[in-house]
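The sequence lines fix the lettering, A, B, ..., with proteins before strands; numbering per chain opens at 1. This is a predicted model, so every value here is computed, not measured.
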Number of protein chains: 2
Amino acid sequence: MPLPQKATASEIKSSAEAIQTKILQRICFLDYPPGEQLKEAELAAEFGVSRTPIRDVISRISHLGLVETRNGVGTVVVALSAAQIRHVYDMRLELAPLIGTMSPRSITKSDCEIGQELLQEAKALCKAFDSRKYIEINHRLHELITGLIGNDTLRSFWWQTYCQAASTWYLVSNQRDSEMALALVAELNEINTALDLGDVTAIGFIQRTHIGYGYQRIKTHLLATETE
Amino acid sequence: MPLPQKATASEIKSSAEAIQTKILQRICFLDYPPGEQLKEAELAAEFGVSRTPIRDVISRISHLGLVETRNGVGTVVVALSAAQIRHVYDMRLELAPLIGTMSPRSITKSDCEIGQELLQEAKALCKAFDSRKYIEINHRLHELITGLIGNDTLRSFWWQTYCQAASTWYLVSNQRDSEMALALVAELNEINTALDLGDVTAIGFIQRTHIGYGYQRIKTHLLATETE
DNA sequence: GACTCAGTACCTGTGTACAGCTTAAGCGTT
DNA sequence: AACGCTTAAGCTGTACACAGGTACTGAGTC
């Protein structure tokens, strides 16, 4: 993996960071579903490095509670318990309104364009649902909104809760194809309106609203599969 | 370092965790002031392990933004920028009220006793100020309150912001001895009242109030030392 | 046939050696 | 005397080998 020697500053990330992003994304995107066993040697071979950097990456991811490493056994992707899911969602409901109130960045033309792109793709998704495509659109929407957060700490927390919630969320979404696509289109319509008006505060509350909807869907799903 | 084979469950933490707690505490307590260089080999020798586990610990701490590691140079404890301090405190102001509203644990007799202990120690501090003692009382108060948080995610965030703010906070507190001790006594008086009444919600708002006071002190300090 | 126990395969945890990078000191030149 | 270059020392980043631990398998026994 020959990394470009002198590229843009953003690409200098130490390859370990790139690996972390990839593995984390695989967990969030359900490429590694809960229960999947991550073997350090295997990943090391895939990325063409030794076990050392891989261990480093897994160690950091484990602090999000998404994987659990036990000596002699291995590292497995964990499914968050119902209580944990509740905690994460309760927190996201509180954080969402803060996006717009805590010194947000201003909205650029580029943001609006991305919003429109995502809307078009979401509309296409209504006609032919594709689980993977749904996840990707959602992910890019998340990136768009995260970029509007001006408070470093809030951005970090927002990102953490997204990672923790994503896996469960996408698991549930697999079972409700069209409903999910329609909801996404509705959300993107609202988001685009707020983007055009340059109203980040509105975006925060829109997020709060739709996270609430998603939370409801997950609750019923959890009640259906678990007793708690 | 012969670790006890079968102790209480809480002590099974893999020695790496113990080391992390210690190093993190040293940073928060200003044993490692901003600018201090942490050498992996040195720490490895101190804790009687190789560089590998030390690297692991530092790698995780670096995700809190408290240290920065550069290849070939070393790992230095960083002083958060004025903007970052602002971000952390703005966030703490928002999180504090949630302590009592998001499914808090119930207050036990033991909590009340600890509160009283801390109050007595804080009163003693008014007569003879001791910077180290002040930090320790504050830390134990933080642990007490953190223990009341029922939401795992919120508890994690609360802890993270504390670690990020502590170093700067304690740095400022060094310059205002008696004022700090008096403020701490006042805070503990309020906290103890709320503890006796079993009102966790009140504790959250008391925290919010006093974090606000502390924020003001830090602001004036930052204005005095920096231009921003 | 079911159960127990030893052996084995495979995983993570740790120690260690080496490579790459950065900085600073020391020498030579102007 | 001041500047530039070379060299060396010291740090982190990585690879690899070994130790420790767990779970599974299969033979032996009741």
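Seen from the ring of B:Y215, B:K219 counts as a face-on cation partner, given the 6.0 Å and 45° thresholds.
Atom CD1 of A:I54 is separated from atom C1' of C:dT12 by 14 Å (rounded to the nearest Å). Taking atom CG of residue A:N71 and atom P of nucleotide D:dG21, one finds them 7 Å apart after rounding to whole Å. What separates CD of A:E40 from C1' of D:dT22 is a distance of 15 Å, to the nearest Å. Rounded to an integer number of Å, the gap from B:R51 CZ to C:dC18 P is 14 Å. In this structure, the CG atom of A:D56 is 11 Å from the C1' atom of D:dT14, given to the nearest Å. Whole-Å rounding puts the B:Q20 CD to C:dG13 P distance at 14 Å. Rounded to whole Å, atom C1' of C:dT23 lies 14 Å from atom NZ of B:K39. In this structure, CG of A:L38 is placed 12 Å from P of C:dC11, rounded to the nearest angstrom.
With salt bridges taken as basic N to acidic carboxylate O contacts below 4.0 Å, one links B:R140 and B:E121. With salt bridges taken as basic N to acidic carboxylate O contacts below 4.0 Å, one links A:E46 and A:R26.
Going from atom CZ of B:R86 over to atom CE of A:M102 covers 10.5 Å, rounded to the nearest 0.5 Å.
Proximity note for A:V49 (side chain, C-beta onward) versus D:dA15, C:dC21, C:dT14: the nearest is D:dA15.
Across the interface with DNA chain D, nearest-nucleotide mapping of A:V73 and A:P53 shows A:P53 to be the residue nearer the 5′ end. Mapping B:E42 and A:S50 onto DNA chain D via the closest heavy atom, the residue that lands nearer the 5' end is B:E42. Toward the 5' end of DNA chain C, the nearer of the two residues B:T52 and A:T75, judged by each one's closest nucleotide, is A:T75.
An OP1 or OP2 oxygen of C:dG13 is reached within less than 4.0 angstrom by a side-chain nitrogen or oxygen of A:R55.
Across all strands shown, A:R70 has heavy atoms under 4.0 Å from sugar-phosphate atoms exclusively, and none from any base.
Between B:H139 and B:F29, the ring planes are perpendicular. Angles over 60° get that label, and only those under 30° would be called parallel.
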